[in-house]
Amino acid sequence: MKRIYLDHAATTPLDERVLREMKPFFSEKYGNASSLHSFGREAREAIERARETVASAINAEPEEIVFNSGGTEGDNTAVHGIAYPNRKKGRHIVTTKIEHHAVERACEFLEKDGFEVTYLEVDREGFIDLPKLEAATGKETILVSVMHANNEIGTIEPIAEIGKICREREIYFHTDAVQSVGKEKIDIKAMNIDLLSASGHKFYGPKGVGFLYVRKGTKLRPLMHGGGHEKGLRSGTENVVGIVGLAKALEIAEAEREKEAARKRKLAKGLVKQALEIENSWMNGPEIGKKRLSNNVNLGFDFVEGESMVLMLDDKGIACSTGSACSTKDLRPSHVLLAIGLKPWQAHGSLRLTMGRDTKEKDIRQVIESVNEIVGKLREISPMYKGGN
Amino acid sequence: MKRIYLDHAATTPLDERVLREMKPFFSEKYGNASSLHSFGREAREAIERARETVASAINAEPEEIVFNSGGTEGDNTAVHGIAYPNRKKGRHIVTTKIEHHAVERACEFLEKDGFEVTYLEVDREGFIDLPKLEAATGKETILVSVMHANNEIGTIEPIAEIGKICREREIYFHTDAVQSVGKEKIDIKAMNIDLLSASGHKFYGPKGVGFLYVRKGTKLRPLMHGGGHEKGLRSGTENVVGIVGLAKALEIAEAEREKEAARKRKLAKGLVKQALEIENSWMNGPEIGKKRLSNNVNLGFDFVEGESMVLMLDDKGIACSTGSACSTKDLRPSHVLLAIGLKPWQAHGSLRLTMGRDTKEKDIRQVIESVNEIVGKLREISPMYKGGN
Amino acid sequence: MYSDKTMDLFRHPKNIGEIKDADAIGKVGNKICGDVMWVYLKIGKNKKGEEVIEDIKVKTFGCVAAIATSSALTEVVKGMRLSEAEKITKQNVAGYVGGLPPAKVHCSVLAVDGLRKAIKEYKKKKRK
Amino acid sequence: MYSDKTMDLFRHPKNIGEIKDADAIGKVGNKICGDVMWVYLKIGKNKKGEEVIEDIKVKTFGCVAAIATSSALTEVVKGMRLSEAEKITKQNVAGYVGGLPPAKVHCSVLAVDGLRKAIKEYKKKKRK
Ligand SMILES: Cc1ncc(COP(=O)(O)O)c(C=O)c1O
Ligand SMILES: Cc1ncc(COP(=O)(O)O)c(C=O)c1O
């Protein structure tokens, strides 16, 4: 059975071109980049080239790029790394109700450690309100952390505007750009960003490697101490092959960005239009367009539960995800879907379809057909559909 | 020019057999292990298989293995992760003067945060003294962190004895086994270890992946918060391909462990014997045998400086390292060499040669010849040799 | 994550639907938690004159574990004496589907709750 | 890490050794820091009767940067008027070797120190 992968927000396959770039660094140029000898120098040069590629993709300086193990590490480093060394200035942090758990739980940890955190509400489409953000910041505020694009419903937050507000007030601004890097244009300088986290495996790069942009002069405490790698901001033997892969993946993503976004938006439009023909269905997140991640579609179906949908679709070779409680470890439905105002049972009936480079028109047709069939089947056995009896 | 790599303590090439095992997970079985669908389940199964392999190699239970990004992360997680949640019991930690920077600096950080750290002295060969360790621990002691094998001079510490002492006193015992995993037999249970850190790239596995053994019931705080992966002890999308590679690498290392150790010890003996024929030379660390890492040779040469030796050897295609200040970022010579009683200028004249699976008898011969020549050359230009004038 | 047996029961659920002239219906769960189950019972008598579950059907809004366990439970209790069916505990059900991941055990509880509620309902009606 | 020029000077150091009948020797550095340098000077006069560095040799115990910069410095000052050689600053030397990594600049200072000390030594001797 041909499988259709529509879970690119969870992770992506490694691009074959990326793997090719990585190959020499497995068993030939395998040196430790801290070593003085030629093996070490080869590794060092590869890392510094990668750093330049990454920096130029987001209009940063190479020395502002800190390679690490991924988005979770970047988010934790940013949030805790700013909070602690700047707490003399204040103990207040502003974030949103729709952040990824990596930011959310790093913040919750801080709350237990004497910090105060404001979680901004979002509207029905997932957007924060700029005046509310302004009102939330005060003299005590040391960090604003607002994600660039939401991983569940694709909402793209107005980060340039947020950056401007923060810069004017001299508050550090971190953005979790794990979902947007390689998909949305990012200009660190124009957007007044101080810290930005990204994860390689979300843009066809390798898993286990990411980067944190840290603006020059930022007072940041590292999460890990040790050999002083990455200017002391991230100790540990550098994952050379991972870093090389991440940079190549980003280079490719940037080159294909606009074309791919346009293509995916067209697919998304078709998908949504047909899906909404199913009765008692709706779309979560902003309308398809510039303010939504081009590859993200999030649908809701009344009377059915998401995990069951996902696994029935899986039986038909279609891979996607849901914000239903039953798919998570903690049995609460997606905090993002609740934050945009869905009732819990509506959140349970959500289906996230995130497209990739390989997604074709005909895949969309097949998905629609399958979703239609499965929703029908599950409703048949649902006591909530048409009143049961 | 054929290059001879004698810096396996810094990092190792990825074993071709390991790469073969990893291949399907780059672009085919690329799922996120948290996903419900078949791509996710493939990934999950691969990770759980890997966990079993790793657990069985060290006689642990699979659920006690936490995959992470490497040794530095493991060390930091262990040291900080025990210190903070257990500080109600006490604020004292015991470690040694020869730990890797990852443990050393994690401890130094704690000292600034209200903890007290005892750094145990070592003897001329690098061994800690068990009665001194016992004397150092008190009611306030919550953690003992002693490395299994030293990365510079190969000393293998008596960790089974340390484990016994700690278990009796109900003190958590962490060992940094980054250099010993795959080279020395480790039995978590027999050795009474509570936490153990390891790094894939030190035993022919991939860079950017490691594991932390955490004994059931250990009160550990994670370094990173987020999606709750790895039983909440290490959030972040799992590096599936890295984990698969690490497990395969460990499996191979375990299968070949005894044979390889015997072979390398023989090579080491020959190397040391011939090197010591050079006048004013000496060996650092314990004598070649069971109490020294089989692949580690550390030599000292009076009147010459290590970085110069390393780069001259590099010109001859030989890759190795030194504990000289001039090879480090902080301009202090190796704290390990100073801890075993070397004078600073002796530490500057150290040369570490760490052998690998590919190291052959004839490589050793060539190395000896080159070292001989280079030491001679550098002494000729040294004002300290034969009194200068 | 799920056993083959669970997945099989999920893919081919048994006794799904309604019983038009049910003797009792047990409605359990709540929409907020994301699982709702309605258990329909038809009670008859065996040769010894004991009350038995002649027919049982369920409707389930819930995850794989909920669907599979409700399906498994109906198979088990169909034809069973009422007195026996009452004794089925929450612990039994996970076993019927070849075990469940710890986080999912709570979803299996619903089926037992539904059955019990339906039996109670039936007894109450009879007493009137 | 090191420039090609630095590596070239390290591989083929110039003016290494001693001058048996040196007019002055500048001994600098210390063993503890890991670098020691001895600078030997032979002073002569040019046509105008000014003092010039007729010959210079060094012995270096130190890293690549120390060896390369001492070698580069000797090349630069050989034949130079003493008055001019005195003016060479620590900043100049890293330039002679095509730049140095920041952490290594301190190693290049030694060569200048050695030269200055040797010149001072020479002047002191002359005054006596
Ligand atoms: C928005 C967002 N932030 C952070 C992360 C965490 O990244 P990783 O799992 O690679 O650590 C993810 C993905 O899991 C994400 O979608
Ligand atoms: C003894 C020891 N501990 C910890 C580490 C850190 O491991 P990594 O650099 O893979 O994070 C190393 C190697 O660098 C080591 O040799």
Side-chain angles (χ1 to χ4, degrees), chain A residues 3 5 7 10-16 19 26-28 30-32 34-40 68-73 75-76 100-102 105-106 108-109 199 201 206-209 223-228 235-242 307 310-311 313-314 319-321 327 329-330, chain B residues 3 5 7 10-16 19 26-28 30-32 34-40 68-73 75-76 100-102 105-106 108-109 199 201 206-209 223-228 235-242 307 310-311 313-314 319-321 327 329-330:
Chain A
R3 295 193 291 177
Y5 185 76
D7 203 8
T11 194
T12 58
L14 189 71
D15 189 299
E16 299 285 354
L19 183 56
F26 287 118
S27 315
E28 296 154 47
Y30 55 81
N32 184 318
S34 299
S35 296
L36 296 170
H37 46 67
S38 63
F39 293 87
N68 61 22
S69 73
T72 298
E73 185 182 334
D75 286 346
N76 276 268
H100 187 267
H101 286 321
R105 295 197 176 143
E108 287 170 1
F109 179 91
S199 197
H201 71 99
K207 291 180 178 60
V209 63
L223 206 59
M224 284 175 223
H225 309 270
S235 287
T237 300
E238 289 99 334
N239 177 358
V240 189
V241 63
E307 192 199 56
V310 166
L311 283 175
L313 284 168
D314 184 49
C320 61
S321 86
S327 80
K329 289 174 202 115
D330 57 8
Chain B
R3 297 193 290 178
Y5 185 77
D7 204 7
T11 194
T12 57
L14 189 70
D15 190 297
E16 300 284 354
L19 184 56
F26 288 119
S27 316
E28 296 154 47
Y30 55 81
N32 184 317
S34 299
S35 297
L36 296 170
H37 47 65
S38 64
F39 293 86
N68 62 21
S69 75
T72 298
E73 185 182 334
D75 286 345
N76 276 267
H100 187 267
H101 286 321
R105 294 194 177 145
E108 286 170 3
F109 178 92
S199 198
H201 71 99
K207 292 180 176 62
V209 62
L223 207 58
M224 284 174 223
H225 309 271
S235 288
T237 300
E238 289 99 334
N239 177 359
V240 190
V241 63
E307 191 200 57
V310 166
L311 283 174
L313 284 169
D314 184 50
C320 61
S321 86
S327 80
K329 289 172 201 117
D330 57 7

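Here is the naming used below: chain letters follow the sequence lines, and residue numbers restart at 1 for every chain.
- Chain A forms the most heavy-atom pairs under 4.5 Å with one residue out of B/D75, B/T237, B/V209, and that residue is B/T237.
- A/D15 contributes atom CG, which lies 12.0 Å from atom OH of B/Y30 (distance to the nearest 0.5 angstrom).
- No other option in A/E16, A/M224, A/H201 has as many heavy-atom pairs under 4.5 Å with chain B as A/M224.
- Proximity to chain A (any heavy atom under 4.5 Å) is restricted, for B/V310, to the side chain, taken from C-beta onward.
- Between B/F26 and A/F26, the angle of the ring planes lies from 30° to 60°, which puts this pair in the tilted group.
- Here the closest heavy-atom approach between residue B/P13 and residue A/S27 is recorded as CB-O, 4.1 Å.
- For B/E238, the part lying under 4.5 angstrom from a heavy atom of chain A is the backbone only.
- By the 30° and 60° cut-offs, the orientation of the rings of A/F109 relative to B/H225 is tilted.
- Neither the backbone nor the side chain of B/S199 has a heavy atom closer than 4.5 Å to any heavy atom of chain A.
- Of the two parts of B/L223, the backbone and the side chain both hold a non-hydrogen atom closer than 4.5 Å to a non-hydrogen atom of chain A.
- Looking at A/H37 and B/Y5, their side chains come closer than 4.5 Å, going by heavy atoms from C-beta outward.
- With a 4.5 angstrom heavy-atom cutoff, A/S321 does not touch chain B via any of its atoms.
- Within the 4.5 Å cutoff, the side chain of A/D314 has no heavy atoms near those of the B/L36 side chain.
- Here the side chain of B/T11 pairs no donor or acceptor atom with the backbone of A/G31 at under 3.5 angstrom.
- Among the candidates B/L311, B/V240, B/D7, the residue making the largest number of heavy-atom pairs closer than 4.5 Å to chain A is B/D7.
- With B/K207 contributing its side chain and A/N32 its backbone, the two residues share no donor-acceptor pair below 3.5 Å.
- Interface check for chain A: of the options B/G71, B/A319, B/G70, the most heavy-atom pairs under 4.5 Å are formed by B/A319.
- Side-chain contact check for B/R3 versus A/S38: some heavy-atom pair is nearer than 4.5 Å.
- Interface residue A/N76: only side-chain heavy atoms are found under 4.5 Å from chain B.
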